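Treat the numbers as computed from the prediction; the structure is a model and nothing was measured.
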Amino acid sequence: MSFGLVVPVILLSLTWSESVRGQSSPQESFMVQYFERRMTHLEERLNQCEANAATMTQRFYDLTSEFRGQLSALTAVKSEVRTQLESMSSRVDRVEGELEYLENKIPAPQNIEIEEALLEQQVMDAELEQLKKKAKLKLNNDCNTALSAVKSLKIVKKLGDTHGSWFKDPTPGSSKVYFLSGLRNDTVLEYASVKSFTEGSTSPKVVKLPSHWQGTGHVVYKGFLYYHKADTPNQIVKVRLPNGTHADTMLLPGAGRLPAYSLNPNTYLDMAVDELGLWIIHADPEYAGNLVITKLDPDSLALEHTWDTLCRSRGAEGAFLICGTLYVVYNTRYGGRSSVQCLYDIHDTIHSEESPVLFFPKRYTSHTSLYYHPQDKQLYAWDDGYQTIYKVETQRKEDQVSFGTE
């Protein structure tokens, strides 16, 4: 029975029951009541069916929406899988091509043996070349002298900051003096001679550098100034003198992570010159903070050779080289009597444990820079703002007095 037919029937039945209720017998009244109850029950069932139908309709709409969402997600996943399969196919094709290329390039076993033999020969040639360089250093200039004493002291002048450096160009025939005051600057003063510097009768030539220096480890050699460029860990700059133009630059591998001398914490790279040429001194934290010396080609700034020494940087205030031997000068934190307590000979002729401690003249102070001049046999030192000169004495290495024998 449809809803449209049930409603009129119910209304008609109610109307009829009301008219009969007033004029029917008890039996008829009972039937009318029974009929009313049945109609009420049918009405309730009808309402329940309508509610269930509405719920099922909403559920159908919900399921339809959910299915559409899942279908969209499935479509996206399908597209992504297709893309990945295409990419994988492309990669497989590329790998197959590379494998084919490698198969064509891999040499035969016989060729591999030849290449290994060639590599071994190259290694042997490189080792032989290093031995030749060491032999050349040993024989060059017949350099067989060692420091035996630091003698007289001459205070030349007091000029500039507490820290600084001054030195002569060790090139034979040159008498020019160079003055670099402070721990950071870009100006060099050039004097005609030590006498001119001492008397101050003539104004120095002012040379402007292309960049600032750092520390006090500079040096002049063959008309060029070499210095540690400021704000860089290990860059060495080569500048033409006297015009101050840039000539070359190099980086010293492994340097610049630790001050060369603990008592001069602003100097990380210390340049030096001796009878054999140009050197760099620095401390290596990976080698217990000990000093490392590197021989440089002054023309190309190429590294010729490097030696790890057993001389510690802790407690040191400076160092210099004579004939390929490093002499490290130690002092106290508050200034005292400087002394050479460690040496390292690249020729392995003299040894630190067999050599006496060499004291500087009795003057309690500290040095911020020390430079050896091979021709003058003198040390040019910066001593708390005083420019001083020490006279050094040397002897043949085989005649070096062993520590404790005299």
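Residues Pro172 and Gln375 share a closest heavy-atom pair of CG-NE2, 4.2 Å. Taking all atoms of both residues into account, the shortest heavy-atom contact from Leu147 to Tyr327 is N-OH, 2.9 Å. Closest non-hydrogen pair, Ala283 versus Pro259, comes out as CB-O, 3.4 Å. Taking every heavy atom of both residues into account, Cys143 and His347 meet most closely at O-CE1, 4.4 Å. Of all non-hydrogen atoms in Ile350 and Asp345, the two that sit nearest each other are N-OD2, 3.2 Å. Shortest non-hydrogen contact noted between His282 and Ala260 is CA-CB, 4.3 Å.
In this structure, Arg59 places its CZ atom where only 12 or fewer heavy-atom neighbours from other residues, nucleotides or ligands lie under 6.0 Å away. Summarising the local packing, NZ of Lys151 is surrounded by 12 or fewer heavy atoms from other residues, nucleotides or ligands at distances under 6.0 Å. Surrounding OH of Tyr287 are more than 12 heavy atoms belonging to other residues, nucleotides or ligands, all under 6.0 Å away.
Remark: the backbone N or O of Leu291 is paired with a side-chain donor or acceptor of Thr309 at under 3.5 angstrom. Under the 3.5 Å distance criterion, the side-chain polar atoms of Asn144 are left unmatched by any main-chain donor or acceptor of Arg396. With hydrogens and angles ignored, the 3.5 Å screen pairs a side-chain donor or acceptor of Thr332 with a backbone N or O of Gly335. Ser174 places no side-chain N or O within donor-acceptor distance of the main-chain N or O of Thr171, the cut-off being under 3.5 Å. Panel note: side chain Lys295, backbone Gly324; no donor-acceptor pair is recorded below 3.5 Å. Between the side chain of Ser148 and the backbone N or O of Glu393 there is at least one donor-acceptor pair closer than 3.5 Å. Between the side chain of Asp169 and the main chain of Gly223, a donor-acceptor pair closer than 3.5 Å is present.
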Open item on the list: The test is salt bridge (Lys or Arg N to Asp or Glu O under 4.0 Å); show your working for Arg184 and Asp231 and say whether it passes.
Closed with: CA-CA 10 Å; Arg184 181 190 177 101; Asp231 302 321; 2.8 Å; yes

- [ ] For side chain to side chain contact (heavy atoms under 4.5 Å, CB included), just list the numbers for Leu269 and Leu252, CA-CA rounded to whole Å, side-chain angles, deciding distance to a tenth of an Å, and then say yes or no.
- [x] CA-CA 9 Å; Leu269 306 178; Leu252 185 62; 4.2 Å; yes

Open item on the list: What verdict does the side chain to side chain contact (heavy atoms under 4.5 Å, CB included) test give for Asp308 and Asn290, after you've listed the backbone C-alpha separation in whole Å, the side-chain angles of each residue and the deciding distance to 0.1 Å?
Closed with: CA-CA 8 Å; Asp308 297 327; Asn290 289 345; over 6 Å; no

Open item on the list: Could you walk me through whether Leu258 and Asp284 satisfy the side chain to side chain contact (heavy atoms under 4.5 Å, CB included) test, starting with their C-alpha distance in whole Å, then the side-chain angles of each, then the deciding distance to 0.1 Å, before giving a yes or no?
Closed with: CA-CA 7 Å; Leu258 191 71; Asp284 189 346; over 6 Å; no

Task: Working for ring-ring contact (aromatic ring centres under 6.0 Å, His included), residues Trp213 and His218 - done: CA-CA 8 Å; Trp213 75 69; His218 341 290; 5.1 Å; yes

Task: Verdict with supporting geometry, Tyr334 and Ser366, side chain to side chain contact (heavy atoms under 4.5 Å, CB included) - done: CA-CA 8 Å; Tyr334 304 101; Ser366 59; over 6 Å; no

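We find the CD1-CG distance between Ile281 and Leu321 to be 5.0 Å, quoted to the nearest 0.5 Å. Once rounded to the nearest 0.5 Å, the distance linking OG of Ser262 with CZ of Arg312 reads 8.5 Å. In this structure, NE2 on His228 lies 9.5 Å from OG1 on Thr267, to the nearest 0.5 angstrom. Rounding to the nearest 0.5 Å gives a distance of 8.0 Å between CG of Leu301 and OG1 of Thr249. Atoms CG and CZ, on Leu63 and Arg68 in that order, are 12.0 Å from each other to the nearest 0.5 Å. Distance check, rounded to the nearest 0.5 Å: CD of Gln70 to CD of Glu66 gives 5.0 Å.
Gln387 places none of its side-chain heavy atoms less than 4.5 Å from the side chain of Val177. Contact check for Tyr371 versus Gln378: no side-chain heavy atoms found under the 4.5 Å cut-off. Val328 places none of its side-chain heavy atoms less than 4.5 Å from the side chain of Gln341. Between Leu183 and Thr216, some side-chain heavy-atom pair lies under the 4.5 Å cut-off. Using a 4.5 Å heavy-atom cutoff, the side chains of Leu263 and Arg314 are not in contact. Between Ile346 and Thr325 there is no side-chain heavy-atom pair separated by less than 4.5 Å. Counting only heavy atoms from C-beta outward, the side chains of Leu209 and Val188 approach each other to under 4.5 Å. Annotation: side chain of Ile293 is in contact with side chain of Tyr344 (closest heavy-atom distance under 4.5 Å).
The closest side-chain donor-acceptor pair between His367 and Ser338 falls under 3.5 angstrom. Using modelled atom types and a 3.5 Å distance limit, the side chains of Glu190 and Tyr178 yield a donor-acceptor pair. Tyr268 and Asn234 form no side-chain donor-acceptor contact under 3.5 Å, judged by distance and modelled atom types alone. Residues Thr294 and Thr306 bring a donor and an acceptor atom of their side chains to less than 3.5 Å of each other. Side-chain contact check for Glu43 and Asn47: no donor-acceptor pair (N or O, by modelled atom type) lies under 3.5 Å. A side-chain donor from one of Glu317 and Asn331 sits under 3.5 Å from a side-chain acceptor of the other. A donor and an acceptor atom, one from each side chain of Glu275 and Tyr372, are located under 3.5 Å apart.
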Which atom pairs, one a donor and one an acceptor, fall under 3.5 Å between side chains of residues 159-168 and the rest of the protein, sequence neighbours left out?
{"from": "Trp166", "atom 1": "NE1", "to": "Ala381", "atom 2": "O", "distance (Å)": "2.9"}
{"from": "Lys168", "atom 1": "NZ", "to": "Asp376", "atom 2": "OD2", "distance (Å)": "3.0"}

For residues 197-207, tabulate all N or O donor-acceptor pairs below 3.5 Å that involve a side-chain atom, not counting sequence neighbours.
{"from": "Thr198", "atom 1": "OG1", "to": "Val194", "atom 2": "O", "distance (Å)": "2.8"}
{"from": "Thr202", "atom 1": "OG1", "to": "Ser196", "atom 2": "OG", "distance (Å)": "3.0"}

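Remark: of the listed residues Tyr221, Trp307, Phe320, Trp307 is the sole one forming a ring-ring contact (aromatic ring centres under 6.0 Å, His included) with Trp279. For the ring-ring contact (aromatic ring centres under 6.0 Å, His included) with Tyr390, the lone residue among Phe360, Tyr380, Trp382 that qualifies is Phe360.
Both the sub-6.0 Å distance and the 45° axial angle are satisfied by Lys158 relative to the ring of Tyr386.
Here Glu44 does not pair with Arg38 in a salt bridge; the nearest charged N to carboxylate O distance is not below 4.0 Å.
Annotation: disulfide bond (SG atoms under 2.5 Å apart) contacts involving residues 335-394, sequence neighbours excluded, comprise Cys311-Cys342.
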